[in-house]
Number of protein chains: 2
Amino acid sequence: MSVEIERKFLVVDDRWKSLGSGALLRQGYLSSNADRIVRVRIEGEDAMLTVKGRSVGATRGEWEYPIPLADAAQFLDSLCERPIIEKKRYRIVFEGMTWEVDEFMGDNAGLVVAEIELESEDQAFAKPDWIGVEVTHDARYFNSSLLKHPYSTW
Amino acid sequence: MSVEIERKFLVVDDRWKSLGSGALLRQGYLSSNADRIVRVRIEGEDAMLTVKGRSVGATRGEWEYPIPLADAAQFLDSLCERPIIEKKRYRIVFEGMTWEVDEFMGDNAGLVVAEIELESEDQAFAKPDWIGVEVTHDARYFNSSLLKHPYSTW
């Protein structure tokens, strides 16, 4: 198990877009229950099955297993809960830390979320000036919630 | 993906018990939804994460991933839906075919189910005389159902 400590922010404008190149990411859920999330993700040629426990603060247990691309495609196409989430992920380095900026597509088009992974909950980090309000604890922005309550319905 | 074709039977008495030795098997579910089952299983020193699609007749898509024993123990102890299923599994060879006889414990104590895995739905096979009625299509006997409606409550 690894422990995932992430903080999540909205962006104030699209200056981030010129700072990195986006890769298409497709993900879906075999379980979107917050107590035992099972996520399927394809990013480029890599496919991953990820199990996540319940979040405590910004911290969550996470277990990742690489799986064959064909299995993941089959899960996304025919097993996972509908709809599938599709987004473009940009990786942007700012003062030595990597920000993952997700530009959502489909029913969540218009939503952009920036995440930073930390070593500890109180770790200091520099914020680019295109970073807006923090939404780490706002359940509406959980990917597993965006499935049932996409951004377009807010 | 492999395709799992299994037929499931009750037993008429306990003659099967002297024909093999049982190994303890613990299993739980990260998803018990019949459309997308995610099962965690520990048998001896082996641990497996298994994804299953919906059954069509006696046939079901199944994908298996070996995972570290410690991960599986953590899933069973703290992530999986309650309760966990514990059973003793006996493997008994009869006329060249292997029967898996599961003797359930805990809330399902008293239930014994014998399964045979086939290559095709219409494959012929010999039945030992301790095999009783077929329950392949009886959803009450699905392991994922025994979780919510254990044998002791029938």
Side-chain angles (χ1 to χ4, degrees), chain A residues 1-5 26-43 45-57 59-85 142-148, chain B residues 1-5 26-43 45-57 59-85 142-148:
Chain A
M1 180 186 76
S2 64
V3 173
E4 184 189 46
I5 305 173
R26 292 176 69 210
Q27 70 185 36
Y29 293 85
L30 293 170
S31 164
S32 62
N33 181 319
D35 287 328
R36 56 189 79 88
I37 284 181
V38 183
R39 186 186 70 198
V40 180
R41 180 183 276 178
I42 294 179
E43 190 175 354
E45 296 300 302
D46 294 321
M48 197 73 84
L49 196 64
T50 303
V51 177
K52 297 184 184 211
R54 182 167 276 283
S55 297
V56 178
T59 306
R60 170 173 249 181
E62 182 174 304
W63 296 259
E64 293 210 300
Y65 307 105
I67 61 171
L69 188 60
D71 291 10
Q74 220 166 349
F75 294 163
L76 290 173
D77 291 344
S78 54
L79 257 72
C80 285
E81 298 172 18
R82 301 289 112 187
I84 297 305
I85 288 182
F142 294 174
N143 279 271
S144 49
S145 304
L146 292 174
L147 208 69
K148 284 160 194 147
Chain B
M1 181 188 76
S2 64
V3 173
E4 185 189 44
I5 306 173
R26 292 176 69 210
Q27 71 185 35
Y29 292 85
L30 294 169
S31 164
S32 62
N33 182 318
D35 287 328
R36 55 189 79 89
I37 284 182
V38 183
R39 186 185 71 197
V40 180
R41 179 183 275 177
I42 294 180
E43 189 175 355
E45 296 300 302
D46 295 320
M48 199 72 86
L49 196 64
T50 303
V51 176
K52 297 184 185 210
R54 183 168 275 282
S55 297
V56 179
T59 306
R60 168 173 248 181
E62 181 174 304
W63 298 259
E64 294 209 298
Y65 308 104
I67 61 172
L69 188 59
D71 292 9
Q74 219 166 350
F75 294 163
L76 290 174
D77 292 344
S78 55
L79 258 70
C80 285
E81 299 173 17
R82 301 288 112 188
I84 297 304
I85 288 181
F142 293 174
N143 278 270
S144 49
S145 303
L146 290 174
L147 209 68
K148 285 161 195 147

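- In this structure, Arg36(B) contributes its side chain and Leu79(A) its backbone to a donor-acceptor pair below 3.5 Å.
- Between Ile67(A) atom CD1 and Glu64(B) atom CD the span is 13.5 Å, to the nearest 0.5 Å.
- Contacts of Ile37(A) with chain B are absent, with no heavy-atom separation under 4.5 Å from either backbone or side chain.
- Among Cys80(B), Gly53(B), Ser78(B), Ser31(B), the residue with the largest count of heavy-atom pairs under 4.5 Å with chain A is Cys80(B).
- To the nearest 0.5 Å, the span separating CG on Leu30(B) from NZ on Lys52(A) amounts to 14.0 Å.
- Interface remark: Gln74(A) contributes side-chain atoms only to the contact with chain B (heavy atom separation under 4.5 Å).
- There is no contact between Asn33(A) and chain B, counting heavy-atom distances below 4.5 Å.
- For the atom pair OH of Tyr65(A) and CG of Leu49(B), the computed distance is 6.5 Å after rounding to the nearest 0.5 Å.
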